[in-house]
Amino acid sequence: MKPIVRLATKEDLPTLDQFMDGLVAAERPMDVTIKDGKVIYYDLESFINNERAVLYVAELNGELIASGYAKIKEDREYLKHSSHSYLGFMFVPEKHRGNGYNKLIVNALLAWSKEKNIKEIRLDVYDANPSAIKAYEKAGFSKHMIQMRMNLDDI
């Protein structure tokens, strides 16, 4: 059976909360600034029925297997574009990785952005996550800017 990509519903939120826990667990080793304990990256419910955002899930045999959102953000006045779609919450549970499910979500988010007449697409990915970087490059993204950080307590 082939997976379907659909808009997330409020009924999906308990599973999506588990996805968020999985995403935080995957990213915590790559980011020393993430605090301990329960972390909530996104107000997922706010992406449901929102004109300027969309939350998609992929489903296979009644099981959610991937997620991702796009949110239209206003951009800086000096840029060629006035707004962009920011993609986030890209998550596939470990047992489903490597099957192209994230690409299904990305394609749906890009199509939604295009419907909204948004041409510029942005996302963040950890430098310490080469498999994600490779997947996004394969989907057509290119590296644009490197964010750097410092903690003065460390020097």
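Note that the numbering runs from 1 along the sequence shown for the chain.
Among all heavy-atom pairs drawn from A58 and I105, the shortest one is N-CD1, 3.6 Å. For the residue pair F19 and L64, the shortest heavy atom distance occurs at CZ-O, 3.5 Å. Across all their heavy atoms, L44 and L55 have their closest contact at O-CD2, 3.9 Å. In this structure, M20 and Y41 approach most closely via the heavy-atom pair SD-N, 3.1 Å. Of all heavy-atom pairs spanning E51 and K116, the tightest one is O-NZ, 3.2 Å. In terms of heavy-atom proximity, G22 sits nearest to F91 at C-CE1, 3.5 Å.
More than 12 heavy atoms of other residues, nucleotides or ligands shown are found within 6.0 angstrom of CG on L79. Residue N50 qualifies as enclosed at atom CG: its count of foreign heavy atoms under 6.0 Å is above 12. Heavy atoms of other residues, nucleotides or ligands lying less than 6.0 angstrom from NZ of K38 number more than 12. Surrounding NZ of K10 are at most 12 heavy atoms belonging to other residues, nucleotides or ligands under 6.0 Å away. The 12-atom threshold is not exceeded at CD of E94, counting heavy atoms of other residues, nucleotides or ligands nearer than 6.0 Å.
L152 shares a hydrophobic cluster with M150, I155; the chain of contacts runs through ILVMFWY side chains whose heavy atoms sit under 4.5 Å apart.
Under the salt bridge (Lys or Arg N to Asp or Glu O under 4.0 Å) criterion, K95 pairs with E63, not counting sequence neighbours. Residues that satisfy the salt bridge (Lys or Arg N to Asp or Glu O under 4.0 Å) test with D31, not counting sequence neighbours, are absent from this structure.
One distance of note links CD1 of I40 with CG of D17; it measures 6.5 Å at 0.5 Å rounding. A distance of 13.0 Å separates CD1 of I118 from CG of L109, quoted to the nearest 0.5 Å. Between atom CE of residue M90 and atom CG of residue N102 there is a gap of 4.5 Å, rounded to the nearest 0.5 Å. Rounding to the nearest 0.5 angstrom, the gap separating the OG atom in S82 from the CD atom in E120 is 11.0 Å. Summarising the geometry, atom NZ belonging to K35 is positioned 10.0 Å from atom CZ belonging to R28; distances are rounded to the nearest 0.5 Å.
Judged by the 6.0 Å and 45° rule, K73 forms a cation-pi pair with Y86.
Remark: K2 does not engage E59 in a salt bridge, criterion side-chain N to carboxylate O under 4.0 Å.
Under a hydrophobic-cluster definition in which Ile, Leu, Val, Met, Phe, Trp and Tyr are linked whenever side-chain heavy atoms come within less than 4.5 Å, directly or via other members, F89 and I65 are assigned to different clusters.
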Check your understanding: Should D127 and K143 be marked as a salt bridge (Lys or Arg N to Asp or Glu O under 4.0 Å) after you check the CA-CA gap, both sets of side-chain angles, and the distance that decides it?
Key -> CA-CA 10 Å; D127 187 52; K143 293 178 184 174; 5.3 Å; no
Exercise for review: Apply side chain to side chain contact (heavy atoms under 4.5 Å, CB included) to the pair V32 and R149, showing each step before the final yes or no.
Suggested key: CA-CA 11 Å; V32 298; R149 64 165 294 277; 3.9 Å; yes
Practice item. Determine, step by step, whether W112 and S85 satisfy the side chain to side chain contact (heavy atoms under 4.5 Å, CB included) criterion, reporting the C-alpha distance in whole Å, the side-chain angles of both residues, the deciding distance to 0.1 Å, and the verdict. Key: CA-CA 9 Å; W112 178 84; S85 276; 3.9 Å; yes
Check your understanding: Can you check side chain to side chain contact (heavy atoms under 4.5 Å, CB included) on Y56 and R6, steps first, answer last?
Key -> CA-CA 6 Å; Y56 280 115; R6 63 171 176 78; 5.7 Å; no
**Study point:** Worked verdict on F47 versus V54 for side chain to side chain contact (heavy atoms under 4.5 Å, CB included)
**Key:** CA-CA 5 Å; F47 298 145; V54 67; over 6 Å; no
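A donor atom on one side chain and an acceptor atom on the other are found under 3.5 Å apart for T9 and D12.
Ring geometry, Y42 versus Y69: the interplanar angle exceeds 60°, so the pair is classed perpendicular (tilted spans 30 to 60°).
A side-chain donor-acceptor contact under 3.5 Å links N151 to the backbone of D153.
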